[in-house]
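Have a look at the structure below before the remarks.
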Amino acid sequence: MKIGITCYPTYGGSGIVATELGLELANRGHEVHFITYSNPIRLDSGIPRIFYHEVEVTTYPLFLYPPYTLALASRMAEVAETYALDLLHVHYAIPHSIAAMLAKQMLAPKRRLPFITTLHGTDITLVGTDRSYFPITKFSIEQSDGVTSISDDLRKHTAEVFGIERENRVIYNFVNCDTYRPDPERAGARQFAPNGEKLLIHLSNFRPVKRVLDCIRILAEVRRHTPARLLMAGDGPDRGPAEFLARDLGVSDHVMFLGKQNHVERLIPLAHVLLMPSEMESFGLAALEAMACGVPPVGTRVGGVPELITHGVDGFTEAVGDIEAQSARVVELLTDESAFTRMAAAARNTAVSRFATKSIIPQYEAYYREVCAKE
Ligand code: GMT
């Protein structure tokens, strides 16, 4: 098939899922056209059957807000026509879904161009429910030829909040278990922990919803029981406050802020535990990537996380903001060798058996065929 994919090309779960999906589809023989405002971060050039089309947004003195959605819709229609795309698959409803709808209407006199919207979380739980975006988000979901959600929790939430009754298929996020895999030696950990301390890791866009300050509090608490260091990968608004808190709690020498990272598959396997203390998480892709690396996650019992992490089996989930409980789980994993080994193996097993690319990508392919076959 010939598929157009649109996503946020920056650091963030939805863009990563969209990019990895495109790569996997191309690997399986499909032609994939990324239509985005810059090159998606995990997309290298020169990959067979992958094309990249940049959306250029022209500014004009009248435009206080350049109309990106219109530029995107025009580019989608142009690419779809030139390359005879079978469908558009947009990730994150706002504004991609409405742009796809416009592109579809532009081509309607000539031919059908179905589009699928994949909901990722904050497009529904935060931004979509904002009064100014609610009606258009609801409309674009209803107008989509296909809708998928990355967890059952998000599917239910969408139905409840938007009162939408149309089909919304759950297709879970996935991980490439050949790329993300355990490194039992953890030789590379020495550069971060020269004295052999165990490593905790956190990966996110450092937005308030991620509660990155809790990671610092957890490290401080854990260190009262056992030596540990914390790798903070990513960047965003709460990085400064987290750095300040680390100094305040006297742990700044034990926290390393690494900034945005392109190859987290090399970093995660060096750690013993992944921290994901989020306020909300519709899935928790970082936790899945860690599980594939045999790194048990300690997360919060929110959104779709319990669909991924089975508490006490392949990771732990505790209440949001409960630093004591989350720290106790981390200490348990760092100090009880047999519990750690058991849980690390279970985490890897969950990733391989339930969320590997080979079982999830065919679900997207089947859905594409269904949507294209509909009149
Ligand atoms: O979490 C974010 O702020 C980024 C956001 C995104 O769209 O990039 O992540 C959402 O999509 C990810 C990929 O499907 C999910 O793993 C995250 O759980 C989800 N984030 C939230 O629901 C807060």
Side-chain angles (χ1 to χ4, degrees), residues 12-13 120-122 124-127 129-130 151 153-154 156-157 160-161 198-226 228-252 254-257 271-291 295-335 343 347:
H120 281 269
T122 48
I124 296 302
T125 56
L126 290 180
V127 195
T129 46
D130 183 279
S151 67
D153 181 79
L154 183 59
K156 285 190 193 128
H157 195 89
E160 277 162 27
V161 172
K198 288 186 175 161
L199 288 175
L200 315 181
I201 189 165
H202 171 78
L203 301 156
S204 79
N205 50 26
F206 287 47
R207 298 213 181 103
V209 71
K210 302 293 178 184
R211 294 183 67 100
V212 292
L213 274 67
D214 282 3
C215 296
I216 309 296
R217 296 187 183 105
I218 291 168
L219 176 76
E221 180 58 27
V222 167
R223 283 186 56 82
R224 290 175 357 99
H225 304 272
T226 185
R229 305 194 94 201
L230 172 61
L231 300 180
M232 297 288 278
D235 213 330
D238 277 350
R239 176 171 172 171
E243 286 175 332
F244 182 83
L245 182 65
R247 284 195 294 276
D248 208 36
L249 295 181
V251 292
S252 56
H254 311 287
V255 187
M256 281 140 289
F257 289 89
H272 278 78
V273 177
L274 174 111
L275 303 180
M276 193 175 68
S278 308
E279 182 89 37
M280 183 53 185
E281 209 61 74
S282 290
F283 183 85
L285 185 65
L288 174 58
E289 291 176 340
M291 290 163 85
V295 176
V298 173
T300 39
R301 211 173 296 117
V302 290
V305 175
E307 294 170 54
L308 168 65
I309 303 173
T310 304
H311 178 69
V313 176
D314 47 23
F316 290 110
T317 53
E318 296 293 349
V320 174
D322 191 341
I323 305 299
E324 210 178 306
Q326 292 174 55
S327 308
R329 296 306 187 185
V330 175
V331 171
E332 189 179 332
L333 284 165
L334 297 191
T335 55
M343 205 166 264

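- Side-chain contact check for Leu230 versus Leu275: some heavy-atom pair is nearer than 4.5 Å.
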Please determine whether side chain to side chain contact (heavy atoms under 4.5 Å, CB included) holds for the pair Leu219 and Val255, giving the CA-CA distance in whole Å, both sets of side-chain angles, and the decisive distance to 0.1 Å.
CA-CA 8 Å; Leu219 176 76; Val255 187; 3.4 Å; yes
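- Ion pairing between a basic and an acidic side chain is recognised when a charged N comes within 4.0 Å of a carboxylate O; Glu281 and Lys210 show such pairing.
- From Met232, atom CE reaches atom CG of Leu200 across 10.5 Å, with rounding to the nearest 0.5 Å.
- Contact check for Thr300 versus Thr317: no side-chain heavy atoms found under the 4.5 Å cut-off.
- The heavy-atom pair separating Val212 from Ala242 by the smallest distance is CG2-CB, 4.3 Å.
- Val273 is not listed as a side-chain neighbour of Pro297, based on a closest heavy-atom distance of 4.5 Å or more.
- Side-chain atoms of Glu221 do not come within 3.5 Å of backbone N or O of Ile216 as any donor-acceptor pair.
- Residues Gly304 and Ser151 approach most closely at CA-OG, 4.0 Å, considering heavy atoms.
- Between His272 and Leu333 the shortest side-chain heavy-atom distance does not fall below 4.5 Å.
- Put simply, CG on Asp153 and CD1 on Ile124 are 12.0 Å apart, with the number rounded to the nearest 0.5 Å.
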May I have the step-by-step check of side-chain hydrogen bond (donor to acceptor under 3.5 Å, both in side chains) for His202 and Ser204, ending in yes or no?
CA-CA 7 Å; His202 171 78; Ser204 79; 2.9 Å; yes
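- The two residues Phe316 and Ile309 make their nearest non-hydrogen contact at N-CG2, 3.9 Å.
- Shortest non-hydrogen contact noted between Pro208 and Asp238 is CA-OD2, 3.3 Å.
- Between Leu334 and Ala228, the shortest heavy-atom distance links the atoms CD1-CB, 3.9 Å.
- For the atom pair CZ of Phe257 and CD of Glu243, the computed distance is 5.0 Å after rounding to the nearest 0.5 Å.
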Evaluation steps, side chain to side chain contact (heavy atoms under 4.5 Å, CB included), between Lys198 and Arg229:
CA-CA 6 Å; Lys198 288 186 175 161; Arg229 305 194 94 201; over 6 Å; no
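- Here Arg211 contributes atom CZ and Ile323 contributes atom CD1; the two are 6.5 Å apart, rounded to the nearest 0.5 Å.
- Counting heavy atoms from C-beta outward, Phe283 and Leu154 have side chains that stay 4.5 Å or more apart.
- In terms of heavy-atom proximity, Arg301 sits nearest to Pro306 at CG-CG, 4.2 Å.
- Contact check for Met291 versus Leu308: side-chain heavy atoms found under the 4.5 Å cut-off.
- Taken from CZ in Arg329 to CG in Asp322, the straight-line distance is 10.0 Å, to the nearest 0.5 Å.
- Interatomic distance, Ile201 CD1 to Met256 CE, rounded to the nearest 0.5 Å: 10.0 Å.
- Residues Arg217 and Leu249 have side chains in contact (heavy-atom distance under 4.5 Å, counting atoms from C-beta outward).
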